[in-house]
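None of these values were measured; they are calculated from a predicted model. Just so you know, residue 1 is the first one in the sequence shown, and it goes up from there.
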Amino acid sequence: MTSRHSLQLTIMKIQNFSLFALLAVMLGVMSSCSKKAELLDTIPANVTTVTTLDLRSLCEASGIKFTEEGIKASPEIEKNIAPTIPDVINNLAEMDAKGVADFSTIALVLDKNNTAFMTFAISDFERFKIVMEDAITWNADNDGFHTGYAGNYPLVANDSQIWILSRHNKTATQCVKDVLNAAKEMPISKLDGIAQALNRDNLANTAMINWLEQSDKKPDNQSIQEKMWNVAAINTTTDGKSIVLNWERMTSDGKIEKSKGMRNINPAVLAYVPEGFNLTFGAGLTPDFDWTPFETIARLIGGFQAEAFMNVITPYLESIDGTLLIAARPVTPNVIDSGDPSDWDFILLAHMPQRKINQLTATVSSMMATAGITPKAVGEGLIAVPQYGKEITIGNVDGYLGISTIGFDNTRNNSLAPMFVNKEMSLNIIADPLSDYINGAPEGVAMELAIEMSGGKGQAKFALPGSNGPILTYLLSIMLD
């Protein structure tokens, strides 16, 4: 055999192997998507939240591998796992590895009646029953379904699927029947955009009805196709060092909807923020921005007082036409959880009409005078008010309403400015080292959270610089320690 002929045979073998490998990967991906699609066929489209979770990959990213003998943990997890991980996790791992159940796709659902349930596919009910005999108390079959309890939670099963439900006033079996009947009429898999988002190959995918935006509407007056959804995907970066959440605002057919009333941030405002501020937030707003959801949140969380406060400031918020900037830092790191405003330095800038700035400044001056406090003029259009043991400067700063405990100096060269370019919203939180801000946090580890949004899409990235190994493994090892 000539060397040329041998080389040709080698190339053909490589090509054949590459084709085989490519086909295997494609089949694996299609199989995974097919399993998710089948599960979504059993979930009705009128639910409020659906999450598809790849439990197997999530565990592997956290240092726990599923095997036929149970879980196999990484050294960081192994030293703490025995007393804290119950036997049921080993059973789940064994079932998944042996093909009894498929934990690459678990659906977590909240329906329109606020009933929560988890569901996943199984290949053999009898084998499932044997493996889980110590974890599940089985009752008599009911209306064609197997029934029991997993701890305190009702469990319903047929020969190919498991449902574990939250407590409910109806029987669990009837609840599952209602879900399946609704899914026959309109499964969530028929909402093309939402189904595609939930089928993506991520650790977790979530689709949630944008209920805050529609809080003033009656859901019954809207068709399922008219509803707006927030969809999100959770993953880790390739090196495993960061957790990344990407989200989109879309219609049920997958059309990305831009946020109404938002515009690009003016990054020049970052020149007013000193280096070393732990929290920096910016948003580009127009008077069309809808503040109703924030009023709703204030009412739900803070009650009457918060609602009254929102009623006072909303006219000013609605007049913002440009960039809103908020930056803050604790005076010393160890007071970050004290809740005392005097422990914080901050700066706020909001672009709005001059008349609104003048009106608010006059209102503050009047309120201070009523309280026996006399504000002093500290510059053109600026007053200083003694409060919380320091002076708060308020007034017009280059066309912005400015409120600050550190004055206004636009010659600072903040390194965060590039992160705010061409963004409608951006948030950056840094704690370095984390132990200076949270008691008991590991030494030498920092915390970074960066969130940005533009054009109806957004991303959040969470990292712990200085930590050892993949971030999920590190977080789990701390939780188990």
Side-chain angles (χ1 to χ4, degrees), residues 28 31-43 50-74 77-109 116-168 171-173 175-177 179-180 203-204 472-473 476 479-480:
S31 173
S32 175
C33 290
S34 173
K35 291 174 182 177
K36 286 184 181 178
E38 290 174 7
L39 202 62
L40 295 181
D41 284 339
T42 67
I43 298 171
V50 181
T51 297
T52 52
L53 178 69
D54 186 343
L55 182 62
R56 182 195 306 152
S57 296
L58 181 62
C59 286
E60 288 180 358
S62 303
I64 298 175
K65 187 175 182 179
F66 285 4
T67 73
E68 293 190 6
E69 290 74 38
I71 60 172
K72 183 177 181 181
S74 64
I77 305 300
E78 183 69 35
K79 61 183 180 181
N80 294 317
I81 203 169
T84 54
I85 297 296
D87 291 338
V88 67
I89 303 297
N90 280 312
N91 293 338
L92 297 179
E94 178 186 348
M95 283 192 296
D96 183 82
K98 291 181 177 179
V100 178
D102 178 20
F103 294 127
S104 68
T105 304
I106 294 176
L108 308 173
V109 183
F117 65 89
M118 176 177 73
T119 184
F120 54 89
I122 57 174
S123 63
D124 188 326
F125 172 74
E126 291 304 325
R127 289 177 67 191
F128 175 86
K129 188 175 180 179
I130 291 171
V131 173
M132 298 298 291
E133 62 181 350
D134 293 333
I136 297 174
T137 303
W138 294 101
N139 299 327
D141 288 358
N142 182 4
D143 205 3
F145 289 90
H146 312 294
T147 66
Y149 274 84
N152 294 322
Y153 298 99
L155 182 147
V156 178
N158 58 25
D159 290 337
S160 60
Q161 193 168 344
I162 301 291
W163 293 263
I164 300 175
L165 298 89
S166 62
R167 297 178 182 274
H168 200 264
T171 67
T173 302
C175 188
V176 170
K177 289 178 64 178
V179 166
L180 293 176
L203 296 180
L472 290 179
T473 302
L476 183 59
M479 291 168 60
L480 295 175

Is any side-chain heavy atom of [X] closer than 4.5 Å to a side-chain heavy atom of [Y]?
X: Val179; Y: Ile43; result: no
X: Ser166; Y: Phe117; result: no
X: Glu94; Y: Val100; result: no
X: Thr147; Y: Asp141; result: no
X: Ile136; Y: Phe128; result: yes

Would Leu108 and Val50 satisfy side-chain contact (heavy atoms from CB on, under 4.5 Å), going step by step from the backbone distance to the final call?
-> CA-CA 6 Å; Leu108 308 173; Val50 181; over 6 Å; no

[atom1]/[X] to [atom2]/[Y] distance, rounded to the nearest 0.5 angstrom?
X: Tyr149; Y: Thr137; atom1: OH; atom2: OG1; result: 10.0 Å
X: Asp124; Y: Ile130; atom1: CG; atom2: CD1; result: 8.0 Å
X: Trp138; Y: Glu133; atom1: CH2; atom2: CD; result: 11.5 Å
X: Phe120; Y: Thr105; atom1: CZ; atom2: OG1; result: 12.0 Å
X: Ser62; Y: Leu55; atom1: OG; atom2: CG; result: 9.5 Å
X: Ile122; Y: Gln161; atom1: CD1; atom2: CD; result: 8.5 Å

Please confirm whether the backbone N or O of [Y] pairs with a side-chain atom of [X], one donor and one acceptor, at under 3.5 Å?
X: Thr119; Y: Ile162; answer: yes
X: Asn142; Y: Thr173; answer: no
X: Ser57; Y: Ser104; answer: no

Specify the closest pair of heavy atoms between [X] and [Y], including all atoms of both residues, with the distance to one decimal.
X: Ala157; Y: Phe125; answer: CB-CE1, 4.0 Å
X: Phe103; Y: Leu92; answer: CE1-O, 3.3 Å
X: Thr473; Y: Ala61; answer: OG1-O, 3.3 Å
X: Leu180; Y: Trp163; answer: CD2-CZ2, 3.8 Å

Residue from Asp159, Asn158, Asn139 passing side-chain hydrogen bond (donor to acceptor under 3.5 Å, both in side chains) with His146 |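 When side-chain hydrogen bond (donor to acceptor under 3.5 Å, both in side chains) is applied between His146 and each of Asp159, Asn158, Asn139, only Asp159 qualifies.
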
Determine the sole option in Leu53, Leu472, Thr52 for which the side chain to side chain contact (heavy atoms under 4.5 Å, CB included) test with Leu203 is passed.
-> Leu472

